[in-house]
There are 2 protein chains.
Amino acid sequence: MQGVKVLGGVVGAAALLGLGIILGHFAIPKGADSPAPSISASQDLDLGILETVMGQLDASRIRENLRELSREPHLSSTPRDEELVQLLLQRWRDAESGLDSAETFEYEVLLSLPSQEQPNSVTIVDPTGNILFSCRRSEENVTGEQEGPDVVPPYAAYAPPGTPQAVNAAKHGVAGVLVYTDPSDINDGQSSPSQTFPYSWGLPPSGVERGSYLEYFGDPLTPYLPANPSSFRLDPANASGFPPIPAQPIGFEDAKVLLCNLQGASAPETWQGALGCEYRLGPGFRSDGNFSADSQVNVSVHNRLELRNSSNVLGIIRGAVEPDRYVLYGNHRDSWVHGAVDPSSGTAVLLEVTRALGTLLKKGTWRPRRSVIFGSWGAEEFGLIGSTEFTEEFFSKLQERTVAYINVDISVFANVSLRAQGTPPIQSVVFTAAKQIPAPGRSSLSIYDNWIQYSNRSSPVYGLVPSLGTLGAGSDYAPFIHFLGISSMDLAYTYDRSKTSARIYPTYHTAFDTFGYVDNFVDPGFSSHQAVSRVVGNVLLRLSDSLFLPLNVSDYSETLRSFLQAAQQDLGALLEQHSISLGPLVAAVDKFEGAAAALDERISELQKGTPDPLQVRMLNDQLMLLERSFLNSRAFPEERYYSHVLWAPRTGSVATFPGLANACSAAMNTAPGSAAWAEVQRQLSIVVAAVEAAAATLRPVADL
Amino acid sequence: MQGVKVLGGVVGAAALLGLGIILGHFAIPKGADSPAPSISASQDLDLGILETVMGQLDASRIRENLRELSREPHLSSTPRDEELVQLLLQRWRDAESGLDSAETFEYEVLLSLPSQEQPNSVTIVDPTGNILFSCRRSEENVTGEQEGPDVVPPYAAYAPPGTPQAVNAAKHGVAGVLVYTDPSDINDGQSSPSQTFPYSWGLPPSGVERGSYLEYFGDPLTPYLPANPSSFRLDPANASGFPPIPAQPIGFEDAKVLLCNLQGASAPETWQGALGCEYRLGPGFRSDGNFSADSQVNVSVHNRLELRNSSNVLGIIRGAVEPDRYVLYGNHRDSWVHGAVDPSSGTAVLLEVTRALGTLLKKGTWRPRRSVIFGSWGAEEFGLIGSTEFTEEFFSKLQERTVAYINVDISVFANVSLRAQGTPPIQSVVFTAAKQIPAPGRSSLSIYDNWIQYSNRSSPVYGLVPSLGTLGAGSDYAPFIHFLGISSMDLAYTYDRSKTSARIYPTYHTAFDTFGYVDNFVDPGFSSHQAVSRVVGNVLLRLSDSLFLPLNVSDYSETLRSFLQAAQQDLGALLEQHSISLGPLVAAVDKFEGAAAALDERISELQKGTPDPLQVRMLNDQLMLLERSFLNSRAFPEERYYSHVLWAPRTGSVATFPGLANACSAAMNTAPGSAAWAEVQRQLSIVVAAVEAAAATLRPVADL
């Protein structure tokens with residue numbers, strides 16, 4: 001899982017920095033064949049096989065996978081990362097439990113790494129340059145795993161090097177950023193060593209969250225082109241998306257020293273945290289604190305950009321009937337440190353799912369109807385780089401042939417409830433799978449019944465159902481949904497939100513995210529890992545083997561209707577003032593609803609008889625390609641890769657069409673007739689055209 | 001057919017213009033069901049049906065169609081244009097010979113029309129403003145058809161209104177353009193009334209070629225969006241692609257008066273023409289001529305932009321087996337004046353083909369395997385507007401489902417030989433059809449054998465074959481090939497190039513392009529029209545009914561190889577100087593060749609047995625979608641709609657990858673490390689990625 005939380009201190013511009021304003025803490029969301037059973041073209045999902053797979057997915061094997069995967073730190077492109085590439089190849093090429101084939105695809109990508117010779121540092125110095133205080137350069141070695149040459153020191157990837165020269169932040173503007181995670185945001189307020197790992201799942205005071213500070217995803221030097229060695233690369237000086245000023249993350253132990261010694265006005269209530277003092281805005285240190293008022297903060301960042309080789313591993317099971325239809329299932333392989341939760345909990349599940357399926361495949365008892373492609377992506381932590389390069393290299397064929405993409409990155413955040421994110425067409429297959437599998441630790445309940453207790457919503461169509469989240473850009477599903485328009489999902493087990501307000505599991509992106517942490521605190525017994533592997537296996541088999549694709553496209557009707565209603569309620573009056581009518585959008589949504597309902601009926605009728613395989617294929621193509629009809633590569637020229645007119649980034653709180661919402665925000669305070677108002681109209685036309693195109697895709701195929 | 005020839009006089013900036021430099025003449029290249037026979041999923045093309053259709057396509061019916069279609073002028077969006085919409089609907093809805101359905105799709109598009117109140121004028125005036133000479137405002141009424149309220153006077157559509165004020169062209173730059181067609185370019189030098197229509201097919205001295213001067217195609221106010229009434233429209237002041245200065249076309253009779261009175265240096269040899277004097281460059285009139293040296297040229301243009309409703313008519317025959325695969329066949333309906341050749345010769349053929357097919361359909365003897373969609377496009381003469389809006393409105397489904405687009409605009413330029421343009425995959429089906437049909441007037445020869453005598457090339461694969469031309473943007477195929485990436489072709493009968501050097505048939509876009517002109521001079525007896533209808537019908541049936549799509553994708557290997565060789569020969573040394581290697585492109589082309597050859601073998605093997613319909617479908621999808629893999633919507637940000645990396649506009653004479661060639665031209669005289677050289681590398685990477693993607697599309701579908 002990629003993503004950073006930009007927190008903590010923004011530091012004034014100086015080699016010796018006057019400690020500037022603390023910006024408060026808030027999260028930035030981130031982004032040679034086996035024997036084949038004889039299968040007829042009209043063969044449907046085999047429930048016996050499904051049952052077998054469910055039975056074979058084994059918690060203790062997932063535990064052993066995780067132990068091996070997280071044994072050593074495996075930062076992208078390091079020797080251990082390459083060892084894991086070999087491990088994946090070996091598993092996927094295993095004669096007894098492997099896939100049809102597996103290979104690596106190597107890209108040359110721009111990473112950002114801290115200098116080994118010149119460590120980044122954050123210090124407080126007096127006017128003569130004496131160091132009064134130094135922040136830790138590495139985390140405390142609590143379990144023996146936090147030290148060693150392969151533990152990358154905390155840093156903010158892609159933050160530029162620098163030790164700015166100005167002195168007064170208020171005068172010279174912000175010149176650097178310090179980032180920390182407040183105990184109130186991650187530990188439910190707990191902050192002492194005895195309250196945190198290894199005594200609980202809490203983040204130790206020295207823990208520092210690493211992360212990528214890149215604005216876009218994908219290799220920064222090869223936008224829209226695969227980063228093959230021969231590819232054209234931008235001069236890094238011309239590449240965009242890098243942070244403009246140095247940044248460095250620190251632990252809350254060190255943040256406390258800086259923050260609690262600040263003077264100035266009180267920070268707003270919502271900025272206060274659990275460091276045990278009142279947070280103040282500065283500038284400068286208070287006279288009764290540890291540092292004299294003329295002390296300054298020195299932030300030295302020495303990150304370096306480097307071209308590195310990073311591999312994806314791709315494994316394939318060839319489909320028996322429709323080998324040109326792909327079900328994709330992937331996760332990244334690279335971690336920040338040991339990455340037991342992120343991403344190895346997902347990879348451990350991936351390996352168990354491929355083992356179970358591979359075993360049936362090699363025995364000759366099963367082969368999927370459609371091809372299944374498994375992906376172990378590289379360099380995700382730096383910005384979804386491996387998966388993005390994959391979508392760039394195979395753009396056309398993936399877009400033409402892919403049924404759905406399943407992502408399982410962190411498979412278990414916590415062991416309480418399923419969490420699923422995705423686009424509407426995948427909701428029903430996730431529900432179906434979740435209803436079929438017992439909830440870990442609550443075997444009288446299905447995963448579905450357990451889920452609905454923790455996260456639910458009232459659907460106008462179905463009544464109370466579990467909440468399906470939407471997809472941002474926090475993991476490798478991003479290029480699949482936003483760039484290729486492939487129906488995608490992200491699956492995991494997660495917390496009871498009534499029991500913790502932790503933004504994410506506490507050791508996220510730190511050197512404390514280790515096997516022992518998972519084994520003792522996240523999922524002892526690994527039953528939640530097993531539960532996720534079953535949901536994934538179940539969803540995957542339904543997608544790969546069902547005669548009719550289990551993509552319920554009419555679930556988009558509910559989304560479109562709710563987006564429309566939100567637009568009418570929250571933007572309608574404003575638009576009317578500017579003589580912009582939502583009428584064409586209303587008509588388009590109506591048309592979509594009608595076409596989707598008619599298609600549902602057609603499917604029901606076909607299912608009653610013994611449908612011709614070609615008829616089923618044509619219908620499935622409509623289901624598969626619906627998501628593509630929402631793409632418009634020219635809708636958001638400022639947003640790299642984002643083409644899906646329903647799921648592009650949205651500012652503001654109105655859950656509606658993002659292009660329209662963003663354009664309205666931008667136009668709101670401009671004069672009638674401004675370019676911003678023209679953009680509102682353009683965005684409205686874009687969404688109308690997309691919804692019309694979606695309806696056209698669902699209509700009977702010989703109608704226009 | 002849309003397109004202008006910018007010729008003749010560029011006029012200095014003035015209400016009273018000092019006659020400026022004559023730029024010479026050069027061409028700008030432009031751009032409720034019927035009974036169904038029982039059909040099995042593995043049914044192949046029925047040769048008996050093919051034979052029947054060939055036999056039923058009737059020259060005299062085409063002649064009658066043409067007489068009706070060209071009876072009145074039918075400029076886009078005029079009442080007669082709307083009458084022809086109704087005629088098409090009536091034919092396509094006919095109970096005995098109609099299609100399954102037909103409907104109109106109306107768009108609100110920006111046209112440019114001359115003012116009725118203030119006619120455009122070109123005059124020569126003396127210093128006091130007395131008119132010494134006026135160019136004709138309309139063509140001479142030679143056949144009684146050149147006069148009347150519906151004959152639009154000659155004008156340059158989208159040229160802005162203006163009567164510029166400056167006096168000296170040399171001082172103030174070019175402020176207006178006069179355009180004419182020289183008898184040497186259009187009439188093989190003939191220029192007297194008795195040598196031209198109605199005494200021959202030559203252009204009468206008063207004939208003026210109308211045309212659109214828009215830089216882009218599609219409705220200028222709604223790029224990338226369908227021009228529905230509710231669509232966002234650019235303010236015309238912000239729209240791009242309009243000519244910057246006034247322009248007006250005149251006849252060569254008037255051009256002679258202007259040109260032959262010029263003084264100054266002689267124009268270059270290649271600029272000289274057949275007006276019977278030496279062409280000089282000006283500025284100003286010669287003292288021994290008809291006008292005093294202080295006389296000036298006054299060009300007054302009063303064109304107006306108007307939003308008008310223009311309709312496409314779409315007719316559909318639903319496919320029996322794969323209704324979601326579309327064969328498209330279309331032509332525009334709008335003309336400049338009577339438009340007997342352009343476009344009615346094409347529409348006359350279209351109506352005859354739909355009559356023949358519709359009759360079989362309504363009788364219940366035939367229904368195609370795939371759906372066939374017939375299009376009668378509106379507003380083509382203004383810039384391929386109707387067809388472009390169609391591709392914008394149905395972008396996704398057309399791109400996903402369309403097998404090929406057949407365009408027949410001018411069906412008969414002259415009655416000598418077939419002329420076909422298209423992308424490589426359609427070459428073989430055109431050859432097959434052409435071999436099966438007797439050449440008109442030479443019944444011992446096939447159309448193919450006749451064609452190869454007039455236009456041929458030596459193919460490294462096939463030996464001597466007829467030349468297939470490439471597709472520019474001269475007619476409605478442009479949005480299909482360039483924007484959607486659909487394999488496309490344009491078919492017609494044409495001249496013997498050894499007998500005439502006419503740029504195009506002489507009355508092109510004039511009021512002399514009438515039924516009588518066609519009946520007497522272009523194709524007396526209409527046997528060439530019939531031949532074209534047979535080729536089209538034959539190709540269409542092969543595309544719609546063949547079990548295996550007759551798209552020979554491996555013919556792209558020859559094109560890629562020749563583009564590569566041209567790049568190596570003509571750009572290789574230059575690239576090497578800048579350390580840019582063509583190696584990755586060589587590897588990609590090799591890969592494509594290998595994949596295409598392997599696919600050919602797979603097809604041959606499948607054809608030996610009784611292939612499963614689903615297997616055939618998968619293979620056909622590869623063939624259909626190959627062309628799409630050459631698209632890159634970000635390759636040419638300056639070129640509206642052009643996304644096909646092989647067929648985008650190319651400057652320079654090297655027949656190679658256009659992006660690479662254009663970038664090299666731009667970089668040639670810049671320093672190493674310039675942005676222009678970076679663009680060369682980017683373009684090379686784009687074409688490598690596209691050829692790699694194309695190879696990936698052709699490889700076995702379960703390989704990556």
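Every value quoted in this text rests on a predicted model; they were computed, and no experiment measured them. The analysis underlying the following values was restricted to heavy atoms, covering all of them including side chains, and did not include hydrogens, waters or symmetry mates.
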Open item on the list: Counting heavy-atom pairs closer than 4.5 Å to chain A, which one of B:Gly319, B:Ser633, B:Pro226 comes out on top?
Closed with: B:Ser633

Open item on the list: If you count heavy-atom pairs within less than 4.5 Å of chain A, which of B:Ala696, B:Ser231, B:Ala693 leads?
Closed with: B:Ala696

Task: Top of A:Arg401, A:Glu393, A:Gln399 for chain B proximity - count of heavy-atom pairs under 4.5 angstrom - done: A:Arg401

- [ ] For each of A:Ser685, A:Ala41, A:Pro229, tally heavy-atom pairs with chain B at distances under 4.5 Å, and name the one with the top tally.
- [x] A:Ser685

What part of [X] gets within 4.5 angstrom of chain B, counting heavy atoms only: side chain, backbone, both, or neither?
X	answer
A:Ala689	side chain
A:Pro613	both
A:Phe390	side chain
A:Leu625	both
A:Leu684	neither
A:Val680	neither
A:Glu322	both
A:Ser371	side chain

- [ ] With A:Arg634 as the cation and B:Tyr224 as the aromatic partner, state whether NZ or CZ is under 6.0 Å from the six-membered ring centre and within 45° of the axis.
- [x] yes

Heavy atoms, side chains only, cut-off 4.5 Å: are [X] and [Y] in contact?
X	Y	answer
A:Met624	B:Glu400	no
A:Gln615	B:Asp324	no
A:Arg617	B:Met618	yes

Task: Stepwise salt bridge (Lys or Arg N to Asp or Glu O under 4.0 Å) check, B:Asp621 with A:Lys397 - done: CA-CA 11 Å; B:Asp621 278 0; A:Lys397 65 195 284 181; over 6 Å; no

- [ ] Nearest 0.5 Å please: distance from the CG atom of A:Leu234 over to the CZ atom of B:Arg682.
- [x] 9.5 Å

- [ ] Rounded to the nearest 0.5 Å, what's the gap from CD on B:Gln683 to CZ on A:Phe232? Could you check?
- [x] 10.0 Å

Task: Positions in residues 581-592 of chain A that reach chain B, provided some heavy atom is under 4.5 Å away - done: A:Pro584

Toward chain A, the part of [X] with a non-hydrogen atom under 4.5 Å:
X	answer
B:Ser230	both
B:Arg233	neither
B:Ile373	side chain
B:Phe105	side chain

Task: residues 697-704 of chain B: residues contacting chain A (heavy atom under 4.5 Å, by number) - done: B:Thr697, B:Arg699, B:Val701, B:Ala702, B:Asp703, B:Leu704

Task: Heavy-atom pair of closest approach, residues B:Ser396 and A:Ser629 - done: OG-CA, 3.5 Å

